[in-house]
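These notes are about the structure you will find just below.
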Protein chains: 2
Amino acid sequence: MASAETPRTATLTDVARLAGVSIATASKAINGRAQVRAETRTRVLEAAEQLSFAPNAVARGLLQGRTGTVGLLTSDLEGRFSIPVLMGAEDAFGAGQVSVFLCDARGDAIREQHHIRALLSRRVEGLIVVGSRTDPRPPLTGDLPVPVVYAYAPSENPADISITANNVEAGGLAIDHLLACGRRRIAHVTGDASYQAAQDRSSGAQQAMRDAGLELVGGRTFFGSWSEGWGRGVASMILDQYPDVDGFFCGSDQIARGVLDSLRESGRDVPRDISVIGFDNWAVLTTNTRPQLTSVDMNLEQVGRIAARRLFEAIEGRAASGIEELPCRIVTRESSIPVP
Amino acid sequence: MASAETPRTATLTDVARLAGVSIATASKAINGRAQVRAETRTRVLEAAEQLSFAPNAVARGLLQGRTGTVGLLTSDLEGRFSIPVLMGAEDAFGAGQVSVFLCDARGDAIREQHHIRALLSRRVEGLIVVGSRTDPRPPLTGDLPVPVVYAYAPSENPADISITANNVEAGGLAIDHLLACGRRRIAHVTGDASYQAAQDRSSGAQQAMRDAGLELVGGRTFFGSWSEGWGRGVASMILDQYPDVDGFFCGSDQIARGVLDSLRESGRDVPRDISVIGFDNWAVLTTNTRPQLTSVDMNLEQVGRIAARRLFEAIEGRAASGIEELPCRIVTRESSIPVP
DNA sequence: ACTGTCACAGAAAGCCTTTTCGGGCGGTTT
DNA sequence: AAACCGCCCGAAAAGGCTTTCTGTGACAGT
């Protein structure tokens with residue numbers, strides 16, 4: 001009855017037996033330790049190859065206390081900002097020897113707690129917490145036995161390690177780009193004022209305008225919602241009230257798309273009459289608008305990669321704490337090409 | 001010097017010592033085994049609580065040969081189809097006691113191989129392979145010691161377990177919906193003909209038309225690219241050649257968006273004159289179009305959940321192999337509301 | 001011929017938990 | 001009083017691997 005069992009995956013003992021050595025020697029041979037004669041080593045390696053032996057990382061982890069795993073805790077997988085961060089982190093770890101546990105808390109603190117327990121019982125060596133907004137989030141509760149890095153959404157505790165995008169600087173970059181296109185009467189249209197990102201970009205933009213001796217159109221930032229509809233509406237309002245506007249800095253590509261639609265419908269030529277720059281550099285939007293949309297890219301994969309690197313350093317004991325803000329970059333497309 | 005070490009996470013031995021029992025008893029108490037007096041059990045549990053003891057899943061896994069982990073292998077994380085599938089799978093496993101290793105092969109076979117090795121050495125109990133297109137993909141090479149389930153992109157080997165969306169049926173659903181809206185002269189505009197999904201939806205649509213004694217406008221499916229631009233262009237062409245067209249079934253929401261723009265620009269009223277239905281039910285597109293877009297949802301999270309369930313069954317030995325095609329559903333919005 | 005050195009292989013401990021088995025102990029049956 | 005029975009608890013093994021320590025044989029030096 002008990003025949004035809006699945007051929008149990010080979011263990012080091014099997015390899016050692018086949019090669020005619022002890023398991024100690026086999027281990028040393030496979031791991032490139034020194035005290036093995038070359039001839040013995042090849043014999044062991046051949047045996048391992050023949051049995052398609054794969055060392056049991058679980059057993060190894062148990063022994064030396066290092067599992068080579070980390071936890072990636074996201075608050076909501078559907079948020080499109082989490083994904084690139086997550087990709088960057090996965091990439092950075094995968095290139096090393098580290099495997100990544102993925103957990104989605106779905107914005108639920110209970111579930112988050114549950115996942116943390118599970119991860120700790122699996123003896124992950126560290127945790128990356130990926131948020132979906134740049135608003136600071138409460139740090140994980142209980143002092144954990146492993147280092148934690150917060151990515152995209154920084155921790156409220158400034159002593160924690162947090163990696164995020166520099167939205168203030170990005171606001172300045174966007175304005176500088178419009179200024180470089182020869183624009184002077186620039187409006188800033190963005191989303192929900194309760195988002196830290198909206199505030200930061202706004203203050204960066206205002207500072208950049210002041211530095212140039214200018215002021216935003218209307219003397220203010222137009223906060224609203226992160227939607228095309230808001231972009232459409234506010235753009236037509238601005239065209240109406242400030243007909244000499246010649247540049248739009250939009251807080252998201254969705255808003256920018258609405259703005260572009262509005263501008264086209266009112267007969268304005270982008271980029272001849274007006275330059276438009278969006279935010280997020282979301283391909284599906286930037287490359288499908290007419291004209292294609294210049295946008296600010298937050299380098300989110302880079303945020304993920306740096307977060308992974310910082311976690312790695314923290315695991316190795318060389319921890320640098322605090323919030324690290326990474327620079328954004330402008331991706332230029334048709335909507336902001338200077339036309340003489 | 002070596003003082004102030006991080007307080008090593010508590011082990012069962014610590015708990016046992018604190019409770020004044022042997023580790024065997026402690027284990028039994030914690031795991032709810034029977035042969036422990038109630039009084040002893042509470043003493044152990046208190047000790048465990050006090051030390052914030054978390055059982056070492058690694059050691060447990062080593063002992064009983066069951067690690068409670070699976071691998072989630074995606075070919076490209078940025079593909080927006082992978083994400084919901086992945087979410088569904090993560091959800092289904094997370095609810096149980098299974099943790100998920102995430103690996104992104106980035107469409108590279110070498111990297112895929114590397115990840116598989118790593119996962120196997122971590123002794124995952126199964127693998128879910130998530131593709132980014134519904135075209136069948138070559139199965140994983142080498143006979144793996146664990147079951148594999150293919151999600152979204154089925155395996156080329158029909159004996160493997162594959163879960164995907166039923167695109168043929170979805171094509172029929174879309175047409176039936178347009179027919180139910182009272183449309184008769186329906187055009188089908190879709191993307192790249194080399195995509196299996198495009199072919200399947202097309203043949204489902206054609207069959208549904210035949211069943212109704214009708215024929216698609218132009219007697220054919222208009223294959224092109226998965227872009228707004230294609231949607232715009234082909235829509236205006238169709239309006240020109242077949243001015244009495246009264247329904248558009250689009251192979252993607254992006255194409256649908258282009259079609260909608262084109263219709264609006266040519267003065268057609270959606271949904272009064274023409275009904276439009278998209279595909280993918282991608283929120284950023286469906287809710288931002290004017291009017292909002294009816295679309296076919298592939299229930300990708302469901303695909304992920306079912307894949308997880310099938311993998312679970314396969315791990316437990318009750319495997320049902322073959323391709324399982326899950327139904328899609330229509331999400332009705334303004335673009336296809338019948339107007340008297 | 002004896003000691004010392006060196007290169008290599010093996011024995012065994014240890015990581016942390018689960019589980020089986022055996023033993024001590026108080027009470028019951030013949 | 002002897003045998004027996006349950007109830008709890010502890011000792012020990014197992015799981016696969018790494019590492020340290022010990023042991024062995026060959027060889028050179030004296």
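This is a predicted model, so every value here is computed, not measured. Values reported hereafter were calculated over all heavy atoms of this structure, with side chains retained and with hydrogens, waters and symmetry mates removed.
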Looking at residues at least two apart in the chain, or sitting in another chain, which of them share a salt bridge (charged side-chain N to carboxylate O under 4.0 Å, His left out) with [X]?
X	answer
B:Asp76	none
A:Asp108	none
B:Asp297	B:Arg329
A:Arg123	none

query = When rounded to the nearest 0.5 angstrom, what is the spacing between CG in A:Asn31 and NZ in A:Lys28?
reply = 11.0 Å
inquiry  = With rounding to the nearest 0.5 angstrom, report the CG to CG distance, B:Asp104 to B:Leu73.
reply    = 8.5 Å
ask   = Roughly how many Å is it from CD1 in A:Ile30 to P in D:dG16, rounded to a whole number?
value = 15 Å
ask   = Is the count of non-hydrogen atoms from other residues, nucleotides or ligands lying under 6.0 Å from A:Gln97 atom CD greater than 12?
value = no
key: Enclosure of A:Glu49 CD (heavy-atom neighbours >12, cutoff 6.0 Å)   = no
inquiry  = Among residues 54-66 of chain A, which ones have heavy-atom contacts with DNA chain D below 4.0 Å?
reply    = A:Pro55, A:Asn56, A:Ala59, A:Arg60, A:Leu63, A:Gln64
query = Can you tell if the side chain of B:Val70 reaches within under 4.5 Å of the side chain of B:Ile128, non-hydrogen atoms only?
reply = no
task = Treat a base pair as Watson-Crick or G-U wobble with both distances under 3.5 Å, then lay out DNA chain C in dot-bracket form, 5' to 3', with | for cross-strand pairs.
result = ||||||||||||||||||||||||||||||
note = 5' to 3', nucleotides 5-10 of chain D under a 4.0 Å protein heavy-atom cut-off (B base, S sugar-phosphate only, - none) gives ---SBB
inquiry  = Can you give me the first and the last nucleotide of DNA chain C (5' to 3') that has an atom within less than 4.0 angstrom of a non-hydrogen atom in chain B?
reply    = C:dC16 to C:dT20
ask   = Taking only N and O in the side chain of A:Thr11, is any of them less than 4.0 Å away from OP1 or OP2 of D:dC17?
value = yes
Donor-acceptor pairs under 3.5 Å, side chain of residues 52-64 of chain A to any protein atom, not counting sequence neighbours: which ones?
| residue | atom | partner | partner atom | Å |
| --- | --- | --- | --- | --- |
| A:Asn56 | OD1 | A:Val58 | N | 2.8 |
| A:Asn56 | OD1 | A:Ala59 | N | 3.2 |

note = Numerically ordered, the residues 113-122 of chain A set in heavy-atom contact under 4.0 Å with DNA chain C is none
With a 4.0 Å cut-off, would you call [X] and [Y] a salt bridge?
X	Y	result
A:Arg137	A:Glu112	yes
B:Glu90	A:Arg106	yes
B:Glu125	B:Arg66	yes

With a cut-off of 3.5 Å and sequence neighbours excluded, list every side-chain donor-acceptor pair involving residues 311-319 of chain A.
| residue | atom | partner | partner atom | Å |
| --- | --- | --- | --- | --- |
| A:Glu313 | OE1 | A:Arg310 | NH1 | 3.4 |
| A:Glu313 | OE2 | A:Arg310 | NH1 | 3.4 |
| A:Glu316 | OE1 | A:Arg318 | NH2 | 3.4 |

inquiry  = Considering only residues two or more places apart or on different chains, which pairs with a residue in residues 133-160 of chain B satisfy ring pair (Phe, Tyr, Trp, His ring centres under 6.0 Å)?
reply    = B:Phe81-B:Tyr152
